[in-house]
Amino acid sequence: MQTPPQTPHPEPHDLTALAYDMIEGPQRAELLEHLAVCDACRATYDSYRDEQVVVRDAILRDARSGASEAAALERTLQAIAGSESAAPAGRVYRLRWWVLAAEIAAVALVGVGLFFFLKPDPQPGADPAGVVPIAAERRAPATVKNGSFLVSEEGKWRPASALPMDNWVMAGPEVLKLALPDGSVVEMDENAVFRIVIDDLDGSLALNMLDGNGRLRAGKSLPATRIRAGEAGFQVLPGGSVQLVCEAADLDWRANPDVLLSWSRPSRVQGQVATGEVVLLPQGRNLRAVPMHEGEVVRWTPAGFEGGGENDVIRYMYAGSGDDMQAMVLIRQRLDGMRTRLDELGDKQETFKVFLKRLEGEWSTQWDAGPQQVEVRIAQPMTRRAIEADGLKLELSSTSRQHWAKLTRDGKTTEYTAYTEEDLLKQLPEEARKLLK
Amino acid sequence: MASGDDIRAELSRLAVLHHGPLFGYCKRRLGSDSEADDALQETFLRAFKYWGSFDPSRDARKWLFGIAHNVCVELARSRKKHTTVDEFPDLGDEGTTATLEKLAREEHLAMVRREIERMPDRIRRILELRFFGQLTSAEIAELEDMTEPAVRVTVHRALEVLRARVGSKSGPQSRGE
C-alpha cells in the first residue's frame with residue numbers, strides 16, 4: 001500500500017505538460033516525486049502518456065519525405081556554402097521570389113532595418129568550406145533516397161556535396177537509404193560507418209562496413225553488389241537480404257575519424273541472412289564461399305569465428321568442427337538449389353549464374369579430394385556385394401560416407417560414385433536398378 | 001571570432017544532423033515539400049546571418065527550430081494562407097476524463113489526425129514544435145510570445161477537447177470513468 005502523497009496534487013495542465021515531455025528541471029523532478037506516491041495522479045499521467053504516443057504519431061506521420069528531404073538537404077548545404085554554388089535553378093528562383101516579396105513588404109512596412117534582416121548574407125567570393133566538394137570522378141554511383149551522411153575529411157566528420165567512393169562515410173541520425181545501379185538497396189542505421197569501393201574479387205561494387213548496423217537488399221534481377229565487414233563478405237541473391245551488425249571496439253572514431261585510416265576492420269561482426277539466399281564470401285583465410293539460407297548467422301570476434309547456429313556448413317568451414325563430408329554434400333546441394341531458383345527467375349540472372357559456376361568450380365576441386373581424406377582418416381569398414389543376371393554384373397561397395405557401383409556388360413565396365421545411396425541409384429541405368437529389385 | 005568558413009562548416013554539420021525534423025516541421029506548417037525546402041534553406045541562411053547571436057551553450061537544434069518557426073510564420077503570412085479554425089465547444093465535465101486507450105488502432109489514429117487538423121493553428125503549432133523540435137513549454141512560450149503556464153493550459157484544454165471528441169466518436173465503451 002502506498003503512503004498518501006505529501007505534496008498537493010499538481011494542476012491537470014502540468015500533468016499534461018509532463019506527459020508530453022514539455023517540462024524540464026526541478027519542476028519535472030517534483031512532479032515525478034508526487035507521481036511516485038499518488039496512485040490517482042499516476043493513473044491520469046499514464047493515460048496521458050498513452051495518448052501522447054497517438055498524438056505524436058498523428059502529427060509526425062506523413063510529414064516526412066525521404067527523397068524530398070535528401071534533396072532539400074543538398075540544396076540547403078549549397079545555400080550555406082554560398083551563392084556561388086550551383087543550386088538547381090528552379091529552387092533558387094522560388095527562394096529568391098518569396099524572400100524578395102518578404103523584403104519588399106518589410107521595407108514598406110517597417111523600414112530598411114528589416115530589409116537586411118531578411119536578405120541572404122552576400123558573400124562575394126565565398127568559399128564553400130563547410131561542405132567537402134566531391135568531384136564527379138570521385139562520386140559513388142549511388143542515389144541517396146533518404147537520410148544524410150558525413151564524410152571523414154582532415155580529421156573531422158563533415159558534410160559533403162555527394163557520396164564519395166573509397167572514403168569512409170557516417171550515416172546521419174536517421175536511416176541512410178541508398179539505391180545502387182544494380183537495383184540493390186542499402187540501408188545504414190544511425191551513425192553506421194561504411195564506404196563504397198570496387199571489390200578486388202572481380203571489380204564489382206562493394207560496401208565495406210566498419211561500425212553500426214546495415215542491410216543490403218537485392219532487387220529481383222542482376223544485383224551484383226556485395227557487402228563486406230572484416231572477414232565476412234556477402235553476395236545476396238535476387239530477392240534476398242542480409243543484415244550486418246559491426247562493432248569497431250576501442251575506437252573513438254566518432255570524435256576522431258582519423259583513426260579510421262589506421263584501422264579498417266571491425267572487431268566484431270555478425271551477419272545474418274534476413275531473407276532469401278546469400279553467399280558468404282570469406283576473406284583472408286583461404287576459405288571458400290559458403291551458400292547460406294534464410295535465418296543463418298555467422299559471427300567473428302577478435303578471437304576468431306564464433307558460433308554459426310545450427311549450420312553444419314558454416315561451423316565446419318570456420319570452426320573446424322562438424323562433419324566435413326556432410327558439409328560438402330550440403331554445399332553442393334545448396335549451390336544446385338540456387339542455380340535452379342535462378343533458372344526459374346528467368347534469363348536476367350546471367351551474372352549470378354557465372355558467379356555460381358565459378359563457386360562450383362572451386363568446390364569441385366575440394367570435392368575430388370574429399371573422399372580420399374575421409375576414407376583414410378575415418379577408416380570406415382567397407383561393405384561389398386555383387387549381383388549378376390541377364391549378362392550384367394553389378395558390384396556395389398560402400399562406406400557410411402560414400403557409395404560406389406561398377407557395372408559390367410559385354411566386357412565393358414562403367415563406374416559410378418556418390419555420397420548417398422539414393423544419389424548413386426539415380427545415376428545407374430534402369431536395367432541395373434532392376435537387378436537390385 | 002569564428003570565420004565565415006567555420007560558421008559554414010558548423011551549420012553544414014547541423015544541417016546534416018537536424019534537417020529531417022526541421023523539414024518535417026516546415027512541411028507540416030506549410031503543406032508541401034517544395035515550400036518546406038525553401039523554408040529549410042532560409043532557416044540556415046538566417047542562422048548564418050545571426051550566428052553571432054547564438055549562445056553555444058544552448059541547444060543548437062532548439063535555436064534552429066526557433067528560426068524555422070519564424071520563417072514558417074512569415075512564409076505562411078506572406079502567401080496569405082488561411083487556416084480554418086474551429087471554436088472550442090463547451091465541454092463541461094464530460095470530456096475531461098475520457099480515455100484514448102483505443103487510439104492505438106489505425107482508424108483511431110486517423111480520427112485523431114482529423115481532430116488535430118481541426119484545432120486552432122496555434123495549438124497545432126505548439127504540438128508540432130513539441131514533437132518535431134522537442135521544445136519545452138518554456139521554449140515554446142518564448143517563440144509564441146506567451147507565458148509558460150498559458151502554453152500548458154492551452155495545450156491541456158485543446159487535448160481535453162480532443163479527448164472528448166475522439167471519445168464520443170469511439171462509442172460509449174471508450175469513455176473513461
Side-chain angles (χ1 to χ4, degrees), chain A residues 11-17 20-24 47-48 50-51 53-61 63-65 68-69 71-73 75-77 79-82 91 94-95 98-99 101-102 105 117-118 120-121 123 126-131 147-150 156-159 172-174, chain B residues 4-5 7-13 15-20 23-25 27-28 33-34 36-38 40-42 44-45 48-49 74-75 78-79 96 99-101 103-104 108-109 112-113 116 124 127-128 130-132 134-138 140 149 151-153 155-157 159 162-163 176:
Chain A
E11 293 290 338
H13 59 258
D14 285 337
L15 273 185
T16 295
Y20 278 67
D21 292 320
M22 296 171 81
I23 297 179
E24 285 180 345
S47 71
Y48 288 174
D50 292 343
E51 170 197 291
V53 172
V54 178
V55 172
R56 182 198 64 202
D57 289 350
I59 288 174
L60 296 184
R61 187 176 287 190
R64 309 291 299 277
S65 170
S68 296
E69 268 180 43
L73 173 64
R75 285 188 278 269
T76 299
L77 292 173
I80 293 170
R91 180 62 65 251
R94 278 206 296 276
L95 176 64
W98 67 263
V99 169
F117 177 82
L118 291 171
D121 186 49
Q123 292 291 323
D127 178 10
V131 180
S148 55
F149 58 88
L150 300 170
K156 289 182 181 176
W157 289 109
R158 297 173 59 188
E174 294 163 349
Chain B
D5 283 353
I7 299 169
R8 287 189 189 90
E10 182 58 14
L11 280 176
S12 299
R13 192 183 68 81
V16 169
L17 289 176
H18 303 306
H19 81 284
F23 181 89
Y25 175 71
K27 181 178 176 183
R28 181 89 195 165
D33 285 357
S34 63
D37 189 341
D38 288 350
L40 190 65
Q41 289 180 50
E42 177 61 8
F44 279 90
L45 288 174
F48 182 84
K49 177 82 175 172
E74 289 167 25
L75 261 179
S78 70
R79 291 176 177 180
T96 56
T99 175
L100 299 182
E101 281 178 3
L103 294 180
H108 287 179
L109 188 64
V112 170
R113 291 182 70 189
I116 289 173
R124 284 190 282 124
L127 290 174
E128 286 158 12
R130 165 65 217 128
F131 288 118
F132 284 107
Q134 296 172 13
L135 303 193
T136 63
S137 52
I140 293 170
V151 169
R152 294 184 193 175
V153 170
V155 168
H156 182 72
R157 283 202 58 218
L159 291 172
L162 181 70
R163 288 161 197 154

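Naming convention: chains lettered A, B, ... in sequence-line order (proteins, then strands); numbering from 1 in each chain. Predicted, not measured: the structure shown is a model, and the values here were computed from it.
Listed by chain and number, the residues in a side-chain contact (heavy atoms from CB on, under 4.5 Å) with B:Pro149 are B:Thr147 (sequence neighbours excluded). Every residue two or more places apart in sequence or in another chain was checked for a side chain to side chain donor-acceptor pair (under 3.5 Å) with A:His13, and none qualifies.
Annotation: the span from B:His156 atom NE2 to A:Met22 atom CE amounts to 12.5 Å, rounded to 0.5 Å. Here CG of A:Leu60 is found 5.0 Å from CZ of B:Phe132. Values are rounded to the nearest 0.5 Å. One distance of note links CZ of A:Arg75 with CG of B:Leu40; it measures 10.0 Å at 0.5 Å rounding. Interatomic distance, A:Leu77 CG to B:Leu11 CG, rounded to the nearest 0.5 Å: 10.0 Å. Distance check, rounded to the nearest 0.5 Å: OH of B:Tyr25 to CD1 of A:Ile59 gives 11.0 Å. Rounding to the nearest 0.5 Å gives a distance of 5.0 Å between CG of B:Leu159 and CD of A:Glu51.
A cation-pi arrangement is found for B:Arg163 relative to A:Tyr48, the charged atom lying closer than 6.0 Å to the ring centre and inside a 45° cone about the ring normal.
In this structure, the portion of B:Ile116 lying under 4.5 Å from any heavy atom of chain A is its side chain and not its backbone. Heavy atoms closer than 4.5 Å to chain A are found in both the backbone and the side chain of B:Arg152. Residue B:Ile140 touches chain A through its side chain alone, counting heavy-atom pairs closer than 4.5 Å.
A:Arg158 is not listed as a side-chain neighbour of B:Ser12, based on a closest heavy-atom distance of 4.5 Å or more. You'll find the side chain of B:Phe23 stays beyond 4.5 Å of the side chain of A:Leu73, heavy atoms only.
Closest non-hydrogen pair, B:Ala15 versus A:Ile80, comes out as CB-CD1, 4.1 Å. Smallest separation of non-hydrogen atoms from B:Arg28 and A:Ala58: NH1-O, 4.0 Å. Across all non-hydrogen atoms, the minimal contact from B:Gly20 to A:Glu174 is CA-OE2, 4.0 Å. Among all heavy-atom pairs drawn from A:Pro159 and B:Arg13, the shortest one is CG-N, 3.6 Å.
Taking A:Thr76, A:Ile23, A:Leu150 one by one and counting their heavy-atom pairs under 4.5 Å with chain B, the maximum is reached by A:Thr76.
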Walk me through it: do B:Phe131 and A:Val55 pass the test side-chain contact (heavy atoms from CB on, under 4.5 Å)?
CA-CA 9 Å; B:Phe131 288 118; A:Val55 172; 3.9 Å; yes
